[in-house]
Number of protein chains: 2
Amino acid sequence: MPKMMSKPTTIEHVNLDVLEDTLSFYIRTMNIAVSRDLDARLDGCDVARGTGKITTLLLVDSHPGIRPSVIAQIIMKDRSAMGRLIEQMIEHDLLRRQTSASERRAQELYVTPKGAELAAVIRPIVTKQSKDFFSFIAEEEQAQVMDILRRAYRKMVGMTGEKRC
Amino acid sequence: MPKMMSKPTTIEHVNLDVLEDTLSFYIRTMNIAVSRDLDARLDGCDVARGTGKITTLLLVDSHPGIRPSVIAQIIMKDRSAMGRLIEQMIEHDLLRRQTSASERRAQELYVTPKGAELAAVIRPIVTKQSKDFFSFIAEEEQAQVMDILRRAYRKMVGMTGEKRC
DNA sequence: AAAAATAGTTGCATTTGTCCACTATTTGCC
DNA sequence: GGCAAATAGTGGACAAATGCAACTATTTTT
């Protein structure tokens, strides 16, 4: 049974009930904040809003010929969402698409010159944004959190870390 | 300039470019996964989908008379989104609302019997879900991450921790 | 050759978020 | 007292994102 508190009118008088000790709460909440901040910094940048565009652009840029379905796994979207995302980016002339010669049901994605340029612009912004946003966490602790979440993420999407093949 | 890798067809051959070392990426991605998992567990539960309903219910349950605007700060929504959320929960007979006597522009929120019941059901589920979901992170590390994110969150929403008044 | 699996597309319904303008009430200032 | 500004909440419009399911095309299995 939670501690009862009454009619709080300011946030200082509030305790978070069981959410206080619930990691998912902090993940979900920080996500809102960090995403909003990122969107603000990328305003007008063709790649703002929603998770996925940035990752997609960077991934295609550094893995020419990568497939939509691989990206989908990485950003945890289903294929239809991924398709729409790519469509959008093609319309914005950031990516181009061609069906794979060896696997004619699959596609290969490539950045356009404009896409490559944007990727170069984006890269430092994204890095800086994350550092800045979490700057009130000590550098060291940031690294700690990242290290743990990275391992979690890897397991989740099935990146083994050791490339076995 | 990122390492170039070509035409990866499986996720093991992919590296995440600068996102590899970007905390915001992991926060955003883990958010998707954890939210999806939570929704699945709460399916049909009147409180599934989207951030906010759970927090709102628990908060009102343990802080009878709390105001919408305070909750809005905590879950980082604007007032209009908050209003809609509450409206929805009132329609589901989870909350009830009355204008404050002392502050006639403000409202006080209370749980209905049904809301209280649901809160009791939800509480252990939410806790368990978070623990389960992150179970591949050692208990100790979970606590570490949570501790850090908690502090970050507090600073962000302006919870001082020390109740000064 | 047929069946199952995989890659991607499309449509639809639901939800969400955001922006902005509007009302009501309270507070502060002259 | 009275007017301006701040605060609490509401409502509407609009743009996006999400998830689901059905559908085509291609490859793999058997």
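These figures come from a predicted structure and were not determined experimentally. We name chains A, B, ... by the order of the sequence lines, and we start the count at 1 in each one.
You'll find the side chain of A/Gln73 stays beyond 4.5 Å of the side chain of A/Val157, heavy atoms only.
Side-chain contact check for A/Thr22 and A/Ser24: no donor-acceptor pair (N or O, by modelled atom type) lies under 3.5 Å. Counting only N and O atoms by type, the side chains of A/Asn15 and B/His63 include a donor and acceptor under 3.5 Å apart.
Rounded to whole Å, atom P of D/dA17 lies 12 Å from atom CD1 of A/Ile54. For B/Ile90 and D/dG11, the CD1 to P distance is 11 Å, given to the nearest whole Å. For the pair A/Ile66 CD1 and C/dG8 C1', the interatomic distance rounds to 16 Å; values are reported in whole Å. Going from atom CD of B/Glu91 over to atom P of D/dT10 covers 12 Å, rounded to whole Å. Distance, B/Gln98 CD to D/dG9 P: 13 Å, rounded to whole Å. Between the P atom of C/dA7 and the CD1 atom of A/Ile86 lies a distance of 13 Å, rounded to the nearest Å. Look at CD on B/Gln107: it is 5 Å from P on D/dG9, rounded to the nearest Å. D/dA16 atom P lies 18 Å from atom CE of A/Met82, rounded to whole Å.
When heavy atoms are screened at a 4.0 angstrom cut-off, B/Glu87 is found touching no nucleic acid atom at all.
Checked for salt-bridge contact, A/Lys53 and A/Asp46 miss the test: no charged N lies under 4.0 Å from a carboxylate O. Salt bridge A/Arg123/A/Asp61: present, at least one basic N to carboxylate O contact under 4.0 Å. Salt-bridge check for A/Arg96 with A/Glu108: failed, with every basic side-chain N at 4.0 Å or more from each acidic carboxylate O.
Under the 4.5 Å side-chain heavy-atom criterion for ILVMFWY residues, no single connected hydrophobic cluster contains both B/Tyr110 and B/Ile71.
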Going 5' to 3' along nucleotides 14-23 of chain C, which nucleotides have protein heavy atoms under 4.0 Å from the base (write B), which only from the sugar-phosphate (write S), and which from neither (write -)? --SSBB----
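Not counting sequence neighbours, the partners of A/Glu139 by the side-chain contact (heavy atoms from CB on, under 4.5 Å) test are A/Lys131.
Summarising the geometry of B/Val70 relative to A/Thr10, their closest heavy-atom pair is CG2-N, 4.2 Å, with the distance given to 0.1 Å.
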Protein-nucleotides 27-29 of chain D N/O pairs under 3.5 Å:
residue: D/dT27; atom: OP1; partner: A/Arg104; partner atom: N; Å: 2.9

